[in-house]
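Since the structure comes first, as C-alpha cells, the remarks are kept for the end.
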Amino acid sequence: MKFTLFLEPSNSEETNKHLDDFKKFAANYKVFMSVSEIEKYWKIDDMYKVFLDIDESSESNVKPMLNNIASKWLELPNEFLASNTMDGCEIYIPNLHMITLVLIKNHPC
C-alpha cells in the first residue's frame, strides 16, 4: 500500500513539517510509513507531491483511518482518492489538498 499526499506548503521546510504531522496522525492508528519521494507537483504551483510506503505490518490499520482524513472517498480500481475539489469532500488535515491510497503492490503511482 502507498499513500500519495498533495500538500500546499509555502516551501520545502513546511512540506517536511506537514509530512511529520501526517505521520504522527497515522501513528495514532498504528499506521507506520516511510517517505519514498518528495517532489514539486508540476500541475499546481506551490504544491508538493509526497510518496509514502506503508509498512506491511500496519496495512490492516489503514482503512479505519480513512474517515478521519476526509469525509468522502472516491473508490477506484485498487485505489482510493479524496480531494478538496470533490463535491461534498472535506479534508480534515490542514494543508492537504488531495490524497490517494493505492491498495496493490507494484502499482505505478
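Along the sequence shown, residues carry numbers from 1.
Checking N95, D20, L7 one by one against T15, the side chain to side chain contact (heavy atoms under 4.5 Å, CB included) holds for a single residue, L7.
The two residues N68 and Y29 come nearest to each other via the heavy atoms ND2-OH, 2.8 Å. Taking both residues in full, the closest heavy atoms of K72 and A82 are given as O-CB, 3.5 Å, listed atom of the first, atom of the second, then distance.
Contact of the L76 side chain with the N78 side chain is not registered, since no non-hydrogen atoms from C-beta on lie closer than 4.5 Å. No side-chain heavy atom of I93 sits less than 4.5 Å from a side-chain heavy atom of L5. Inter-residue side-chain proximity for L81 and W73 is flagged as unmet; no heavy-atom pair is nearer than 4.5 Å. Side-chain contact between L96 and I69 is present, with heavy atoms from C-beta onward closer than 4.5 Å. With contacts defined as side-chain heavy-atom distances shorter than 4.5 Å, the pair T85/H97 qualifies. Between M33 and D55, every side-chain heavy-atom pair lies at or beyond the 4.5 Å cut-off. Here the side chains of V102 and F3 are not in contact, with every heavy-atom distance at 4.5 Å or above. Considering only heavy atoms from C-beta on, Y48 stays 4.5 Å or farther from E39 through its side chain.
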Pair N84, E90 - check side chain to side chain contact (heavy atoms under 4.5 Å, CB included), show working.
CA-CA 6 Å; N84 63 9; E90 180 182 352; over 6 Å; no
Show your reasoning for whether side chain to side chain contact (heavy atoms under 4.5 Å, CB included) applies to W42 and K49.
CA-CA 9 Å; W42 65 275; K49 189 175 179 180; 5.9 Å; no
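When atom types are taken as modelled, the side chain of E59 and the backbone of M1 share a donor-acceptor pair closer than 3.5 angstrom. Between the side chain of S71 and the backbone N or O of G88, at least one donor-acceptor pair lies under 3.5 Å. No donor-acceptor pair under 3.5 Å is formed between the side chain of T4 and the backbone N or O of T100. Side chain of N61 to main chain of K30: a donor-acceptor pair is present (N/O by atom type, distance under 3.5 Å, no hydrogens or angles).
Considering CD of E79 and NZ of K2, their distance stands at 12.5 Å, rounded to 0.5 Å.
Both I99 and L66 sit in one connected hydrophobic cluster of ILVMFWY residues. Membership requires side-chain heavy atoms under 4.5 Å apart, directly or through other members. Residues L101 and I38 fall within the same hydrophobic cluster, defined by Ile, Leu, Val, Met, Phe, Trp and Tyr side chains chained together at heavy-atom separations under 4.5 Å. Hydrophobic clustering, with ILVMFWY side chains joined whenever heavy atoms are under 4.5 angstrom apart, keeps V50 apart from M98. M47 and I91 end up in different hydrophobic clusters when Ile, Leu, Val, Met, Phe, Trp and Tyr side chains are linked at under 4.5 Å. Connection of V62 to V35 is established within a shared hydrophobic cluster, with ILVMFWY side chains joined at heavy-atom distances below 4.5 Å, either directly or through further cluster members.
A cation-pi contact, defined as under 6.0 Å to the ring centre and within 45° of the axis, is absent between K23 and F32.
Side chain to side chain, Y41 and D46 fail the donor-acceptor criterion of an N or O pair below 3.5 Å.
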